[in-house]
2 protein chains.
Amino acid sequence: MTEEDRVSAEIALLWGLRDTTRRGRKPALSVPDIIRAAVEVADAEGLGAVSMARVAKQLGNSTMALYRHVSSKEDLLKLMSDAALEDPPEMPADIGWRDGLALWASSVLVALRKHPWYARIPLAGPPIGPQNLAWFDCALGALADTPLEEAEKVGVVMGLLTFVHGEMRLTVELAESFRNNPEAFGRAYSRALRLLVDPRKMPALGRVVEAGVFDFDTLYDEREVEADFGFGLNLYLDGVAAYLARRT
Amino acid sequence: MTEEDRVSAEIALLWGLRDTTRRGRKPALSVPDIIRAAVEVADAEGLGAVSMARVAKQLGNSTMALYRHVSSKEDLLKLMSDAALEDPPEMPADIGWRDGLALWASSVLVALRKHPWYARIPLAGPPIGPQNLAWFDCALGALADTPLEEAEKVGVVMGLLTFVHGEMRLTVELAESFRNNPEAFGRAYSRALRLLVDPRKMPALGRVVEAGVFDFDTLYDEREVEADFGFGLNLYLDGVAAYLARRT
DNA sequence: GCTAAAGAGCGTAGCTCATACGCAGTTAAT
DNA sequence: ATTAACTGCGTATGAGCTACGCTCTTTAGC
């Protein structure tokens, strides 16, 4: 607990480093309880359902009681965001950088499937929460056996992180809009494109439409989305491989 | 206007295809006016300041008048989202796929600098607005001279889009949190990491911290962020190059 | 033991927001 | 002239965040 003075209150909260004096009423609520309740609500009813009142109800407490432990809703979201990541995957000892990074990326998406609201919580700064750092370490670990400088490893992981964040956004938001409005992904989509895309103004897109690339009963297919992700991810990893080859 | 029946009301709104009867009071407000006002507010005061009341005030009208033209705030956000993209870059005729895609990606970020709130508006489906399609066409056009199938071009562009969306998220959200709380990006960050990262539990991250990778006065630097983006982007484009080479 | 400081739970109330509903005024088709 | 269609907007409802302050509990310090 001596460490608490040395880091900001926010970080102390993330790491559970509150220095507890013995005075005062025994707390009936704890920060981990609150986080757990908020995560339950978000999992069951979506991030939109997470209100201070709803989380308090989940705990059987009053709304305002939460504010003794969390300074604002924004603060609670930060805590949820770190908790949502759960634990990074175990890396097999001899997996190699490429399979390691691929495993890492797909593990992020697996974690996301349990807590899709993770992708909607705004980033609040560089990674500092315990789970965030554990995942960061895990990705860096995959590059441990490469001859890259430490800063280069960070660069490679940041690029992967960027890619994965983009994938999270597309996955989560398209999945949600598919649930709300599946017609937008069906035949009506390619029909609309054929009507709206003027091949003189948008020749390249016109050719794609004409070639029937969008002529499916639904463009949104869990498997399809994952395959597309794998395609893009492999292109990135090919790039990393080329960089490594150039570097040695 | 005959096309209006063939596409959904939402799409008609995006493309300005409302069929106007001549009856009734002359509208004092138009959808483009409303979008323009909303964009002004978002540019000046952030997306958080965009409320129906605030946009109406910008136009000198009452709040509820807006609802004659847009069906909900969500609807207005969709319209803003398409408008924010403005026009895609002019592609020099002989630019080549690689420089073309790089130009495209950096143009997205230039557009984003004018309207950073773009990255916060949830995706509402596959691209269908006029500006969205124009940008889509532009990226596909960069691949026109490659021997790829149309579907493969879409895959490459989707991968790039994923990467760029990730970059948008990181750029915008980190920039915002830097404004709110610059200390989180300064020396305090590496100090916190040195305290919190146990090298036994997180060996790879421990080495990175130890190597001083985070020892800068500020980790958030416009130039630095852009350089990192360029690094990741180049890795992806190297991957595309390898794919093309394999393919021919 | 007594006292008071520190801490915890929570009721009230104020503020901002989205938006349903309905009225009143306006214009053009008939 | 009549009326259907359409616009602007005032009112009101309900949800949400959270400042403030009261009350009760626990224990440190004497």
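All values below come from the heavy atoms of this structure, side chains included, with hydrogens, waters and symmetry mates left out. Here is how names work: the chains are called A, B, and so on, in the same order as the sequence lines, proteins then strands, and each is numbered from 1.
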Inset, instruction - Check side chain to side chain donor-acceptor pair (under 3.5 Å) between B:Thr218 and all other residues, then give those that pass, not counting sequence neighbours. - result: none
Inset, instruction - Measure the distance from CG on B:Leu66 to C1' on D:dG10 and round it to the nearest whole Å. - result: 14 Å
Inset, instruction - Could you check how far CG of B:Leu59 sits from P of D:dG8, rounded to whole Å? - result: 11 Å
Inset, instruction - Taking side-chain contact (heavy atoms from CB on, under 4.5 Å) as the test, write out the residues that go with A:Pro130, two or more places apart. - result: A:Leu14, A:Trp15, A:Asp82
Legend entry - Near-strand residues of residues 31-55 of chain B, defined as heavy-atom separation under 4.0 angstrom from DNA chain D: none
Inset, instruction - Please list, by residue number, the residues of residues 71-81 of chain B whose heavy atoms come closer than 4.0 Å to an atom of DNA chain D; answer none if no residue qualifies. - result: none
Legend entry - Test item: A:Tyr220 side-chain N/O and A:Ala184 main-chain N/O as donor-acceptor pair under 3.5 Å: no
Legend entry - Under 3.5 Å: donor-acceptor pair, side chain of A:Asn61, backbone of A:Ala56: no
Inset, instruction - Answer with yes or no after comparing the ring centroid distance for A:Phe163 and A:Phe229 against a 6.0 Å cut-off, counting only values under it. - result: yes
Legend entry - B:Ser71-B:Asp75 side chain donor-acceptor pair, cut-off 3.5 Å: yes
Inset, instruction - Give a yes-or-no answer on whether the side chains of B:Glu167 and A:His165 include a donor-acceptor pair shorter than 3.5 Å. - result: no
Inset, instruction - Kindly check if the number of other-residue, nucleotide or ligand heavy atoms within 6.0 Å of CD (B:Glu40) is above 12? - result: yes
Inset, instruction - Measure from the side chain of B:Met64, starting at C-beta and using heavy atoms only, and say which of D:dC17, D:dG8, D:dG10 lies closest. - result: D:dG10
Inset, instruction - Would you tell me if any nitrogen or oxygen in the side chain of A:His69 comes within less than 4.0 Å of OP1 or OP2 on C:dG9? - result: yes
Inset, instruction - Report, as a single string ordered 5' to 3', how protein heavy atoms within less than 4.0 Å touch nucleotides 22-30 of chain C: B base, S sugar-phosphate only, - not at all. - result: B--BBBSS-
Let me have the donor-acceptor pairs involving side chains of residues 118-126 of chain A, under 3.5 Å, with sequence neighbours excluded, atom names and distances please.
residue	atom	partner	partner atom	Å
A:Arg120	NH1	A:Glu176	OE1	2.9

Legend entry - Test log, rule side chain to side chain donor-acceptor pair (under 3.5 Å), inputs A:Gln131 and A:Glu86: CA-CA 6 Å; A:Gln131 299 300 92; A:Glu86 305 192 353; over 6 Å; no
